[in-house]
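Remarks on the structure that follows.
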2 protein chains.
Amino acid sequence: MARLSSGDRPTVKDVAAVAGVSATTVSRVLAGNYPVAATTRGRVMRAVKQLDYVANAQARALVGGGPRTVAFIIRDLVGPLFAYIGQGVEQQTTAEGRLCLVCTHNGDPDRELELIELMREQQAEAVVLVGGGVRSAANLERMTQLANALDRTGSRLVLCGRPPIGPDVPSTVVEYDNEGGAFAATNYLISLGHRQIAIIGVGEPEHTTTKARFGGYTRAHKAHGLKVAKQRVLPGAYERESGYQQTKGLLARGVPFTAIFAITDVVASGVLFALHEAGLRVPEDVSVIGYDDIPLAADLTPGLSTVHLPHEELGRTAIRLALHRDEYALDQHVVLGTHLVVRGSTGPVPHK
Amino acid sequence: MARLSSGDRPTVKDVAAVAGVSATTVSRVLAGNYPVAATTRGRVMRAVKQLDYVANAQARALVGGGPRTVAFIIRDLVGPLFAYIGQGVEQQTTAEGRLCLVCTHNGDPDRELELIELMREQQAEAVVLVGGGVRSAANLERMTQLANALDRTGSRLVLCGRPPIGPDVPSTVVEYDNEGGAFAATNYLISLGHRQIAIIGVGEPEHTTTKARFGGYTRAHKAHGLKVAKQRVLPGAYERESGYQQTKGLLARGVPFTAIFAITDVVASGVLFALHEAGLRVPEDVSVIGYDDIPLAADLTPGLSTVHLPHEELGRTAIRLALHRDEYALDQHVVLGTHLVVRGSTGPVPHK
DNA sequence: TTGTAGGCGTTATCAC
DNA sequence: GTGATAACGCCTACAA
């Protein structure tokens, strides 16, 4: 009874004392995996209620019990893209009976590495890295070390929406076909007759996502015997503002173009705004295509043509593969398909 | 050396053995809070590197060390509103040197209770409940018990964007002025001359958020001596689709209205779409106002007038208050202000 | 400056 | 069916 007013939690011992049994018996009743006399069980349960006993997950974990945890490392929680992947990760994690630890690194690759270390201490069963990033050689090397370290202890590095680190690095990789989607988008614009297609958002050429999407854009041009004009390849971050500014700059410099491929939908929303401001009609004067198919895309006016990514599926698949890698002979590198979604922002090239 | 190939993690003992010192010394070197000879420290560090030793956070937690964790319980991760609050929670949690455990309940109040139990086992230092919810008497009672239980063990129930459970329930509450914002929004429409203002999204009248916003709408009417017409109070969930369907229904039934107050911006986006489809101009024919000021609001055409909520600040404040409640004499119930954001979707009442 | 002993809360093992 | 005991990995007295 003294326990009830005390500031610290009651333990199995306290319950045992109240119920007049041993700690072992309490543990057995709670676990329910061992025969215990009905009357004893009743006494124990009553004591549990009375003391409002709650097991200590940390102590449990130490002896190998309790739910395991999956770490989820992401840039931030606000991007609609990240949110959907996170949703998939969290849902599957919960469905698998695991807990979900979330950390953000705000785009800092070093912080990302630190967080992996931290999650290693936390005994995470899998460490999920979401979204593309800039990769230096040093970063890749450290990442390789960490992947191996995790693997050695039965954990797993999971790359979600980002290409593999290297050929022999133990990791689970689930990405989408960024290059293919960009190819399809550019190809579609070309098939509509566009020959002067600007691309906006190539600010960090070494960013894995940027690289792949720009690669698809380039390949589509090559496939049609078209040259990529430098004046139509514009930098900028993955932000609305950069879409807006770059479009204004394009117009100000008088660079000719009939279509704009924005590297993300968010960038595209800024592009649309700048065009609208300049009195240009979409798609009559300029066609615009985005990438990601975030919810916003359908709500823009006109509806934004874009490349759809299976966000939630990405997260779900990643967790599923990582947690069941020993059960089935699952391929630990999956590339999910992307597809073009045509809405109102794209149309045939305008007549001169 | 044998350890290096083994599947399980090296412990302080292994490091001690390699370094030729005792486990205690290793612990001291790692903690850095106790004098250790420089040479010894060197040997230990080398052994740590060699074995790639990583501390076991669970064992640490058991003896009172290591980072504490804050639990973050939310409906889902995809809503833009939740995302921003989550961002605030996560950032502040990290800034305070804590880890962030995330769980979703998909709107199921029972699941929410279960999760609180689970987080209690996890020894969470604070359990943050985000967003409004439906509250039955039984739910409130159980919630009260849990709040007390958490309080008794030095933890804390934190209500974020939701009203207090009861007068004497130990908890930290940070909410925004839903009623006041709804009053301001409705009042603004009335001041523009509108007298037939429909409200869409009152589907769950007992939902705490719905209740407060509908309350503000009602109070504004009363303040101007206007009556709330039942035919203009429409149900519907917090979804785009429901905004769309309810608006169509309103038009089909021929209910007169000159303005629509959508209970959330997401609902408003559906409203705008339905009006557009029906050939009605906004704001010339109908004014529309939303609530939340999610990023989408600014991107809609026309820009959506709405009530701004300080999302991130909400999350940050909640964590700050909860974690420092003993240090300062902080008020554990804060109501953050909301304010009207006027964009293009509202205008004077059309002439007959 | 370093080492030894004990304990955190739980469960598994082995005896009764 | 039930209970003592050891062990998980770490840290903090207390000794030396």
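The chains referred to below are lettered A, B, ... by the order of the sequence lines, with proteins before strands, and numbering in each begins at 1. Source: prediction; values computed, not measured.
Look at CD on A:Gln58: it is 16 Å from C1' on C:dT11, rounded to the nearest Å. In this structure, CZ of A:Arg9 is placed 11 Å from P of C:dT10, rounded to the nearest angstrom. Here C:dG9 presents its P atom at 15 Å from CD of B:Glu121, a figure rounded to the nearest Å. As a whole-Å value, the separation of B:Gln122 CD from C:dT10 P is 13 Å. Atom CG in A:Asn56 sits about 6 Å away from atom C1' in C:dG9, given to the nearest Å. Between B:Arg43 atom CZ and C:dT2 atom P there is a gap of 8 Å when expressed in whole angstrom units. Between the P atom of C:dT10 and the CG atom of A:Asn33 lies a distance of 15 Å, rounded to the nearest Å.
Contacts of A:Ala61 with the nucleic acid, taken as non-hydrogen atoms under 4.0 Å apart, are absent. Using a 4.0 Å heavy-atom criterion, one finds that A:Ala55 contacts the sugar-phosphate atoms exclusively.
Contact check, B:Arg60 against D:dC11: a side-chain N or O comes under 4.0 Å of OP1 or OP2. Taking side-chain N and O atoms only, A:Ser27 has a distance below 4.0 Å to OP1 or OP2 of C:dT11.
Residue pairs meeting the salt bridge (charged side-chain N to carboxylate O under 4.0 Å, His left out) criterion with at least one member in residues 125-134 of chain A, sequence neighbours excluded, are A:Arg98-A:Glu125. Listed by first and then second residue, the salt bridge (charged side-chain N to carboxylate O under 4.0 Å, His left out) pairs that reach into residues 28-48 of chain A come to none, sequence neighbours excluded. Applying the salt bridge (charged side-chain N to carboxylate O under 4.0 Å, His left out) test to residues at least two apart or on different chains, the pairs with a partner in residues 53-65 of chain B are A:Glu121-B:Arg60.
Taking the side chain to side chain donor-acceptor pair (under 3.5 Å) definition, one finds that A:Glu96 meets it with A:Gln92, A:His324, sequence neighbours left out. A search for side chain to side chain donor-acceptor pair (under 3.5 Å) contacts involving B:Thr104 returns A:Glu90, not counting sequence neighbours. Residues passing the salt bridge (Lys or Arg N to Asp or Glu O under 4.0 Å) test with A:Glu175: none are found, sequence neighbours excluded.
Contact check on A:Arg111 versus A:Glu114 returns a salt bridge, with a Lys/Arg side-chain nitrogen under 4.0 Å from an Asp/Glu carboxylate oxygen.
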Under 3.5 Å donor-acceptor pairs involving side-chain atoms of residues 157-168 of chain B, not counting sequence neighbours:
unit_1: B:Arg162; atom_1: NE; unit_2: B:Gly131; atom_2: O; d: 2.9
unit_1: B:Arg162; atom_1: NH2; unit_2: B:Glu112; atom_2: OE2; d: 2.8
unit_1: B:Arg162; atom_1: NH2; unit_2: B:Gly131; atom_2: O; d: 3.0

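Side chain of A:Leu62, nearest nucleotide from C:dT10, D:dC8, D:dC10: D:dC8.
Judged by distance alone, the side chain of A:Asp151 and the main-chain N or O of A:Ala147 form no donor-acceptor pair under 3.5 Å.
From one end of the helix from C:dT1-D:dA16 to C:dC16-D:dG1 to the other, with five pairs defining each end axis, the axis direction shifts by 40° (rounded to 10°).
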Would you list the protein and nucleotides 3-7 of chain C atom pairs, both N or O, that sit under 3.5 Å from each other?
unit_1: C:dG3; atom_1: OP2; unit_2: B:Ser22; atom_2: N; d: 2.9
unit_1: C:dG3; atom_1: OP2; unit_2: B:Ser22; atom_2: OG; d: 3.1
unit_1: C:dG3; atom_1: OP2; unit_2: B:Thr25; atom_2: OG1; d: 2.6
unit_1: C:dG3; atom_1: N7; unit_2: B:Arg28; atom_2: NH2; d: 2.8
unit_1: C:dG3; atom_1: O6; unit_2: B:Arg28; atom_2: NH1; d: 3.4
unit_1: C:dG3; atom_1: O6; unit_2: B:Arg28; atom_2: NH2; d: 3.3
unit_1: C:dT4; atom_1: O4; unit_2: B:Thr24; atom_2: OG1; d: 2.8

